[in-house]
Amino acid sequence: MPCPLHRAREGRGGRGRPQRQPVSDGPAGVARRAVAIAVAVRFNGALDPAPHAPSWPPPPAIRHPRFVTCIASSRALMDDHNEQRRIRLEKVQQLRSLGVNPYPYRFEASHTAGRLHAEGEALIASGAEVSLAGRLVAVRRQGKAAFCHVKDAHRRLQVYVRQDEVGAAAYGVFGLCDLGDYLGFRGAMMRTRTGELTLRARTVEVLAKAVRPLPVPKVEVKDGHEVVHDEVRDVEFRYRQRYADLALNDGVAEVFLRRAQVIQTLREYLLGQGFLEVETPILQVLYGGAAATPFTTHHKALDLPLYLRIATELYLKRLVAGGFDRVFEIGKNFRNEGIDRSHNPEFTMVEFYQAYADYTDMMAHFEAIWERCALALHGATRFTYQGTAIDVAPPWRRLTMKQAIGDLGGVDVDALSDEALQRLLGERGWEIAGGYRRGLAVARLFEELCEARLIQPTFVTDFPKESTPLCKAHRGDPALVERFEPFVCGFEVGNAYSELNDPVVQRELFEEQVARRRHGDQEAHPYDADFLRAMEYGMPPMGGVGLGVDRMVMLLTDQYSLRDVLFFPTMRPEAEGA
RNA sequence: GGGCCGGUAGCUCAGUCGGUAGAGCAUCUGACUUUUAAUCAGGUGGCCGAGGGUUCGAGUCCCUCCCGGCUCACCA
């Protein structure tokens, strides 16, 4: 079943500064000023999109004031006469005047920086020529020679460039290079006097000139470990300009590499268990599978209102009815809700469904996935999250919801009358959308009293039947359903059921949901007649799971906020450009 | 949406009691062919988030708004 949530944020971008006096007054000042002017003219002429842009009818959204602001600011970008950018644009022009293309087409790199580090000794011994492409992230110039660091795929390698080896012309070109530029080198590996593995360049070439200053932090190696100075920390900057954040902060890139590892581990596990990976519609005529407010959109040709899915559940179950006994989908869900450190409007969830299984089988899968992902990242089932030691080794603790409320909340639900329960909720200001029902009150009590206190991995089982319209009744208690939610570090990280497959009961539950909606529960489930039809043809018993991928990654990588495991968290547009 | 905190140079940050906007790094000029936060010397660079107000005078005080963070509410 459906599940978890997520969210994120960003940073603001600096804009350009007013134009200042071009160029310095050195001997070449005048000539350079002329070049600067030519550059400015060409640049503006080529890039200013405004006045002559084709005027196709803009989509309505573009008329939103915020978008107008964005367009205005992107024009400001073109008019930006920020000194550092201007100087770099001049350098682009200078390269061209030297016959150098600042944006050539390709470069053959024989090695990555990582491989050069790994094979350093052998390469030094053989004296073989190697080539490397990457981004300039540090330069120490000393007249006719320079040391620099080049980064590719988040690994740094020192490169030594000497005028007498690369030639005066190429050295001059190198002199026009700035931090952030992409360069290609050929040469042989060596070790410097201080012992650092270094590529001694025989050739240098520009692969792509950067025209905006990249705020590369300085890296000091002290007592064997790296100390980073002047690192860009502004979170708004980092979230909005993730491309820069990733290029600058290796720790950030590392988090996303780990995210990819988690998803790969997850996929391999499910494939290994015989699940088929499938894709189902994101654009849906009717949403369902979770209690949430959907995003709406519209198909023009069909003149059809559509929803972005809030869960994959209902389509995956249709596939099981179609004979695919084990299916899973890893994909984005969209929920039109608030944003905080554990919620983003779009988030990644994996759902999987297994015919002839129940929710206890799903617990085993759930534990296995978390265990394998923890092992993949940490080599152990233990890790720490924000200072707290967590161990995801199976089996996880199991608590029924009533036990949880009793043990963690100190409330004996069965001893409370409906009146007492309502009074308790009323005192705390905990309202039930769509009107009081005992089961919903119990579930609310659990959320308020227990969730945040479930630190070590725990399955909370046996929810009140009113908590969902898609789950099968508990085989031992008709007031309950066979549902569990796993909690880690106080976060709900999934949701699972013994799936309801009785079409008569399903119809009744849908009807109840419709009634609740009429009474004010905006998130009540819509009536899905097609899903019901699929069930009427016969749907095998099955267990189903929804697992929040972003939250799992966040916990396994010790990130405080979901935004830190999303490349581009949802944010308001920048008020001013960048 | 409420509360609290923040927005000053490309980056990281100072800025007292309301009195001419600062530092380090980056950038520019010069020196330097094994440096590594390279070093040395000299420069440039600010709509102090935006708009109003108070004041002789506002980065600083007041109001409104924008963007962000935390938190509460909402919400799986």
Side-chain angles (χ1 to χ4, degrees), chain A residues 1-7 9-18 20-21 23-29 65-66 69 82-88 138-149 158 160-165 171 178-180 190-196 198 200 212-222 226-237 239-240 244 248 290-293 310-311 333 335-343 345 347 349 429 431 433 447 451 468 485 491-495 522-523 546 548 551 560-561 563 571-576:
Chain A
M1 273 337 113
C3 48
L5 353 168
H6 320 306
R7 307 48 247 263
R9 268 280 150 50
E10 325 191 354
R12 82 207 141 83
R15 186 56 15 242
R17 282 300 133 190
R20 231 355 96 127
Q21 213 14 335
V23 202
S24 68
D25 278 319
R66 283 219 169 87
T69 307
N82 168 269
E83 185 185 29
Q84 292 191 45
R85 298 184 73 240
R86 185 179 46 68
I87 290 168
R88 287 170 182 234
V139 202
R140 294 173 294 281
R141 300 183 195 274
Q142 301 174 64
K144 298 185 181 62
F147 286 90
C148 57
H149 276 93
Q158 179 165 265
Y160 181 38
V161 184
R162 294 168 56 109
Q163 185 179 78
D164 60 6
E165 296 201 21
Y171 197 74
D178 296 290
L179 298 184
M190 59 169 263
R191 215 168 262 286
T192 61
R193 185 177 295 166
T194 54
E196 180 161 350
T198 301
R200 185 176 182 126
R212 181 185 290 263
L214 185 68
V216 183
K218 292 219 168 192
V219 179
E220 176 185 14
V221 179
K222 206 171 187 176
E226 292 189 345
V227 181
V228 179
H229 301 270
D230 294 331
E231 184 174 21
V232 176
R233 281 187 224 98
D234 180 76
V235 295
E236 188 175 347
F237 178 105
Y239 294 155
R240 286 194 196 280
L248 264 20
T293 306
I310 59 172
N333 287 339
R335 299 188 184 176
N336 209 337
E337 295 158 0
I339 295 176
D340 64 31
R341 78 165 171 122
S342 63
H343 297 77
F347 61 97
M349 185 155 78
E431 295 175 6
E447 289 170 17
E451 287 195 359
T468 168
E485 285 186 347
F491 291 101
E492 174 197 337
V493 293
N495 190 9
Q522 291 304 306
E523 299 193 336
R551 285 183 178 178
Y560 178 76
S561 170
R563 295 178 198 109
M571 309 224 14
R572 281 200 167 89
E574 293 170 88
E576 272 175 71

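Using a 4.0 Å heavy-atom distance criterion, A/A146 is classed as making no nucleic acid contact. Within 4.0 Å (heavy atoms only), A/Y560 reaches sugar-phosphate atoms of the nucleic acid but no base atom. At the heavy-atom level, A/V219 lies under 4.0 Å from the strands shown only through sugar-phosphate atoms. The residue A/E451 sits close to a base: some heavy atom pair falls under 4.0 Å.
The nucleotide B/rA41 finds its pairing partner in B/rU29, both defining distances of the Watson-Crick or G-U wobble pair being shorter than 3.5 Å. B/rG19 is paired with B/rC56 under the Watson-Crick or G-U wobble criterion, all donor-acceptor distances under 3.5 Å. In a base pair of the Watson-Crick type (N1 to N3 plus N6-O4 or O6-N4) or a G-U wobble (N1-O2 and O6-N3), with each distance short of 3.5 Å, B/rG46 is matched with no nucleotide. The base-pairing partner of B/rC4, taking Watson-Crick or G-U wobble contacts with both distances under 3.5 Å, is B/rG69.
How far CD1 of A/I310 is from CE of A/M349: 9.0 Å, rounded to the nearest 0.5 Å.
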Dump the pairs, protein N or O against N or O of nucleotides 31-35 of chain B, anything under 3.5 Å, distances to one decimal.
from, atom 1, to, atom 2, distance (Å)
B/rC32, N3, A/G143, N, 3.2
B/rC32, N4, A/G143, N, 3.3
B/rU33, OP2, A/Q142, O, 3.3
B/rU33, OP2, A/K144, N, 3.2
B/rU33, O2, A/R162, NE, 2.9
B/rU33, O2, A/R162, NH1, 2.9
B/rU33, O2, A/R162, NH2, 2.7
B/rU33, N3, A/D164, OD2, 3.1
B/rU34, O2', A/R193, NE, 2.7
B/rU34, O2', A/R193, NH1, 3.0
B/rU34, O2', A/R193, NH2, 3.0
B/rU34, O2, A/R193, N, 2.8
B/rU34, O4, A/R200, NH1, 2.8
B/rU35, OP1, A/R193, NH1, 3.2
B/rU35, O4', A/Q142, NE2, 3.2
B/rU35, O2, A/R140, NE, 2.7
B/rU35, O2, A/R140, NH2, 3.1
B/rU35, N3, A/Q158, OE1, 3.0
B/rU35, N3, A/Q158, NE2, 3.2
B/rU35, O4, A/Q158, NE2, 2.6
B/rU35, O4, A/T192, OG1, 2.7

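A/R572 places its CZ atom 16 Å from the C1' atom of B/rG7, with the value rounded to the nearest Å. The CZ-P distance, from A/R212 to B/rA9, rounds to 15 Å in whole Å. In this structure, A/I339 atom CD1 and B/rA73 atom P are separated by 18 Å, rounded to whole Å. Atom P of nucleotide B/rC11 and atom CZ of A/R85 are separated by 13 Å, given to the nearest angstrom. Distance CZ (A/R88) to P (B/rG45): 19 Å, rounded to an integer number of Å. Between the P atom of B/rG68 and the CG atom of A/D340 lies a distance of 15 Å, rounded to the nearest Å. Taking atom CG of residue A/D230 and atom P of nucleotide B/rG24, one finds them 12 Å apart after rounding to whole Å. Distance CG (A/L214) to P (B/rU27): 11 Å, rounded to an integer number of Å.
Between B/rG6 and B/rC62, the distance separating the two P atoms is 12 Å to the nearest Å. Spacing of C1' atoms, B/rC13 relative to B/rG52, comes out at 29 Å, to the nearest Å. Annotation: B/rU71 and B/rA14 have their P atoms spaced 22 Å apart (nearest Å). Taking atom C1' on both nucleotides, B/rG46 is separated from B/rA23 by 14 Å, rounded to a whole Å. Rounded to whole Å, the separation between the P atoms of B/rU34 and B/rC70 comes to 49 Å.
Of the candidate nucleotides B/rG10, B/rG68, B/rA38, B/rA38 has the atom nearest to the side chain of A/K218. Of the candidates B/rU12, B/rU71, B/rU27, the closest approach to any side-chain atom of A/D234 belongs to B/rU12.
The salt bridge (charged side-chain N to carboxylate O under 4.0 Å, His left out) search around A/E523 returns none, not counting sequence neighbours. Residues meeting the salt bridge (charged side-chain N to carboxylate O under 4.0 Å, His left out) test with A/R233, sequence neighbours left out: none. Annotation: side-chain hydrogen bond (donor to acceptor under 3.5 Å, both in side chains) contacts of A/E220 (sequence neighbours excluded): A/H229. Applying the ring pair (Phe, Tyr, Trp, His ring centres under 6.0 Å) test to A/Y171 and every residue at least two apart in sequence or in another chain returns nothing. For A/Q158, the side-chain hydrogen bond (donor to acceptor under 3.5 Å, both in side chains) criterion is met by A/R140, A/T198, not counting sequence neighbours.
Looking only at distances, no side-chain donor or acceptor of A/R141 sits under 3.5 Å from a matching main-chain atom of A/F147.
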Practice problem: Please test A/R191 against A/E196 for salt bridge (charged side-chain N to carboxylate O under 4.0 Å, His left out), starting from the C-alpha separation and ending with a verdict. | Solution: CA-CA 5 Å; A/R191 215 168 262 286; A/E196 180 161 350; over 6 Å; no

